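Note that the coordinates shown come from a computational prediction; the quantities given were computed from them, not determined experimentally.
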Amino acid sequence: MPAVSFQNVSKNYATPRGELQALKGVSFDIQAGEFFGLLGPNGAGKTTLISILAGLSRASGGHVRVHGHDVVSDFAAARRQLGVVPQELVFDPFFNVRETLRIQSGYFGIKGNDDWIDELLEGLGLADKAGANMRQLSGGMKRRVLVAQALVHKPPVIVLDEPTAGVDVELRQTLWQFVSQLNKTQGSTVLLTTHYLEEAEALCGRIAMLKKGEVVALEKTSDLLSRASSNVLRFKTDHSLPADLAAVARVTGRVVQLPAHNAAEVERILARVREAGVAVDDIEIRKADLEDVFLDVMSG
């Protein structure tokens, strides 16, 4: 039985301009114990899909199940299986961190779990903030508390909706170390959405890509990476590229990246750059990564 199953899920919204179809028959399963990535540009439908999974929104069609429990007809059982970390920083300003986690436990009928709360506080770097009021915490610390709240009832399925957006490097490292440990030692299933594609490449064994409400890729991460050009030529320049290269280049400020399948193609690109009078420096060749694959899939 899959840990999470999306079956032909659709979602329509009424707008002043007519009906908007946010999800168009999305179907895929996430197996128990998987670390699964859900990627897509803004507006692709990722958060809509997670909202339906978490019971915050209802699908216009199709079914979603968590360990066999339908999120609509058997919502209480489905919700107990899930720990969801939302994008938004939502907190109650009247309680300290430990009280917040005890209250969250109570929503699931759990009490006397201070040992697990202590483990969460330690694992997420919150031990010295246990008595601090939620209002006193920085944004990064509030984000850590949201993660702890999602895990306090020991759910078998953990849903992380862009959990590291706008947070510091230390929190990202702490979070991934702790969640990866849960995935490996306790067999927790993890569903991650993120715009940091290097995180998805490092953590996720399988990835689905959404574009305009449809699944456009669903493969093992290693298989997705094997699709990419074998190499990427990277250099810096202050000049404009000739039109034929600009059409296929990824440009970020002074940094230019171009797909190059072999040495002959690298030579051709550099010769074309010299011919156009473009001065370059810091030339390097690297292996293609998930970001290259993502951009290729989204533009295809």
Exercise. Would a distance-only check, ignoring hydrogens and angles, find a side-chain to backbone donor-acceptor pair under 3.5 Å from T48 to A22?
Worked result: no

Exercise. If Ile, Leu, Val, Met, Phe, Trp and Tyr residues are connected whenever their side-chain heavy atoms lie under 4.5 Å apart, and connections chain through other members, are L182 and V190 in the same group?
Worked result: yes

Exercise. Are any non-hydrogen side-chain atoms of L225 and L290 less than 4.5 angstrom apart?
Worked result: yes

Exercise. For the atom pair NZ (K11) and CG (L20), what is the distance rounded to the nearest 0.5 Å?
Worked result: 10.5 Å

Problem set entry | Heavy-atom side-chain contact between E219 and M209 under 4.5 Å | no

Problem set entry | N/O donor-acceptor pair under 3.5 Å between R144 side chain and L124 backbone | yes

Problem set entry | Shortest non-hydrogen separation from G33 to T189 and the atoms involved | N-OG1, 2.9 Å

Exercise. Does any non-hydrogen side-chain atom of V152 lie less than 4.5 Å from one of I117?
Worked result: yes

Exercise. By ring-ring contact (aromatic ring centres under 6.0 Å, His included), which residues pair with H153, not counting sequence neighbours?
Worked result: F108

For this session: Test side chain to side chain donor-acceptor pair (under 3.5 Å) on R98 and N96 and set out the steps.
Result: CA-CA 6 Å; R98 184 177 293 279; N96 65 34; over 6 Å; no

Exercise. What's the verdict on side chain to side chain contact (heavy atoms under 4.5 Å, CB included) for Q149 and T100, showing C-alpha distance, side-chain angles and the deciding distance?
Worked result: CA-CA 8 Å; Q149 282 184 274; T100 296; 3.6 Å; yes

Acceptor/donor pairs from residues 23-32 side chains to any protein atom, 3.5 angstrom cut, sequence neighbours excluded:
from : atom 1 : to   : atom 2 : distance (Å)
K24  : NZ     : K212 : O      : 3.4
S27  : OG     : N8   : N      : 2.6
D29  : OD1    : S5   : OG     : 2.7

For this session: Identify the two heavy atoms, one from V84 and one from A150, that lie closest to each other, and give their separation to 0.1 Å.
Result: O-CB, 3.6 Å

For this session: Would you give the length of the straight line joining atom CG of N133 to atom CZ of F94, rounded to the nearest 0.5 angstrom?
Result: 9.0 Å

For this session: Can you see which heavy atom on L137 is nearest to which on A132, and at what distance?
Result: CD2-CB, 4.0 Å

Seminar exercise, completed: Distance col, row I158:CD1 vs N183:CG, nearest 0.5 angstrom, shows 8.0 Å

Exercise. Under 3.5 Å, side chain of T221 to main-chain N/O of C204, donor-acceptor pair present?
Worked result: yes

Exercise. Under a 4.5 Å side-chain heavy-atom rule over Ile, Leu, Val, Met, Phe, Trp and Tyr, are I285 and L241 clustered together?
Worked result: yes

Exercise. Does Q7 reach the main-chain N or O of G62 with its side chain, forming a donor-acceptor pair under 3.5 Å?
Worked result: no

For this session: Supply the atom-to-atom distance E198 CD to D289 CG, rounded to the nearest 0.5 angstrom.
Result: 8.5 Å

For this session: Could you name each residue pair satisfying salt bridge (charged side-chain N to carboxylate O under 4.0 Å, His left out) that touches residues 34-43, not counting sequence neighbours?
Result: E34-R206

Exercise. Yes or no on side chain to side chain contact (heavy atoms under 4.5 Å, CB included) for E201 and E291, after CA distance, side-chain angles and deciding distance?
Worked result: CA-CA 9 Å; E201 182 177 339; E291 188 170 344; over 6 Å; no

Problem set entry | Pair K287 + D292, salt bridge at N-O below 4.0 Å | no

Exercise. Is there side-chain contact between R274 and L270, with heavy atoms separated by less than 4.5 Å?
Worked result: yes

For this session: Mind checking the CG-CG spacing from L38 to L218? Nearest 0.5 Å is all I need.
Result: 10.0 Å

For this session: Could you go through the side chain to side chain contact (heavy atoms under 4.5 Å, CB included) check for I50 and T193 one step at a time?
Result: CA-CA 9 Å; I50 285 175; T193 78; 3.3 Å; yes

Exercise. If you group Ile, Leu, Val, Met, Phe, Trp and Tyr by side-chain heavy-atom gaps below 4.5 Å, do F35 and L151 land in one group?
Worked result: yes

Exercise. Side chain of E122, backbone of E119: donor and acceptor closer than 3.5 Å?
Worked result: no

Problem set entry | Heavy-atom side-chain contact between R65 and V4 under 4.5 Å | no

For this session: For the residue pair L258 and V248, establish whether any side-chain heavy-atom pair is separated by less than 4.5 Å.
Result: yes

Exercise. Can you tell me if S57 uses its side chain to pair, donor with acceptor, with the backbone of I52 under 3.5 Å?
Worked result: no

Exercise. How long is the gap from NZ on K129 to NZ on K142, to the nearest 0.5 Å?
Worked result: 11.0 Å

Exercise. For E275, does its backbone N or O pair with a side-chain atom of R272 as donor and acceptor, under 3.5 Å?
Worked result: no

Seminar exercise, completed: Tightest non-hydrogen contact, residues I269 and A260, listed as CD1-CB, 4.3 Å

Seminar exercise, completed: Which of L192, V159, V147 passes side chain to side chain contact (heavy atoms under 4.5 Å, CB included) with V85? Answer is V147

Problem set entry | Verify same cluster id: V157, L203 (apolar side-chain graph, 4.5 Å) | no

Exercise. Would you say the side chain of W116 lies within less than 4.5 Å of the side chain of K154, judging by non-hydrogen atoms?
Worked result: yes

For this session: Could you walk me through whether L49 and F6 pass side chain to side chain contact (heavy atoms under 4.5 Å, CB included), step by step?
Result: CA-CA 9 Å; L49 196 63; F6 298 100; 3.7 Å; yes

Exercise. Could you go step by step and tell me if D282 and R254 meet the salt bridge (Lys or Arg N to Asp or Glu O under 4.0 Å) rule?
Worked result: CA-CA 11 Å; D282 293 342; R254 297 183 64 234; 5.6 Å; no

For this session: May I ask whether L39 and L191 are part of the same hydrophobic cluster, defined by side-chain heavy atoms of I, L, V, M, F, W, Y residues being less than 4.5 angstrom apart, directly or through others?
Result: no

For this session: Give a yes-or-no answer on whether the side chains of E199 and T194 include a donor-acceptor pair shorter than 3.5 Å.
Result: yes

Problem set entry | Flag for Q81-H69: side-chain donor and acceptor within less than 3.5 Å | no

Exercise. Are the charged groups of R102 and E99 less than 4.0 angstrom apart, N to O?
Worked result: no

Exercise. Should the pair D281-K236 be classified as a salt bridge under the 4.0 Å nitrogen-to-oxygen rule?
Worked result: no

Exercise. With respect to H239, which candidate in V273, V278, V256 satisfies the side chain to side chain contact (heavy atoms under 4.5 Å, CB included) definition?
Worked result: V278

Exercise. Taking side chain as C-beta onward, heavy atoms only, is R286 less than 4.5 Å from N231?
Worked result: no

Exercise. Does the S105 side chain pair with the main chain of I110, one donor and one acceptor, at a distance under 3.5 Å?
Worked result: no

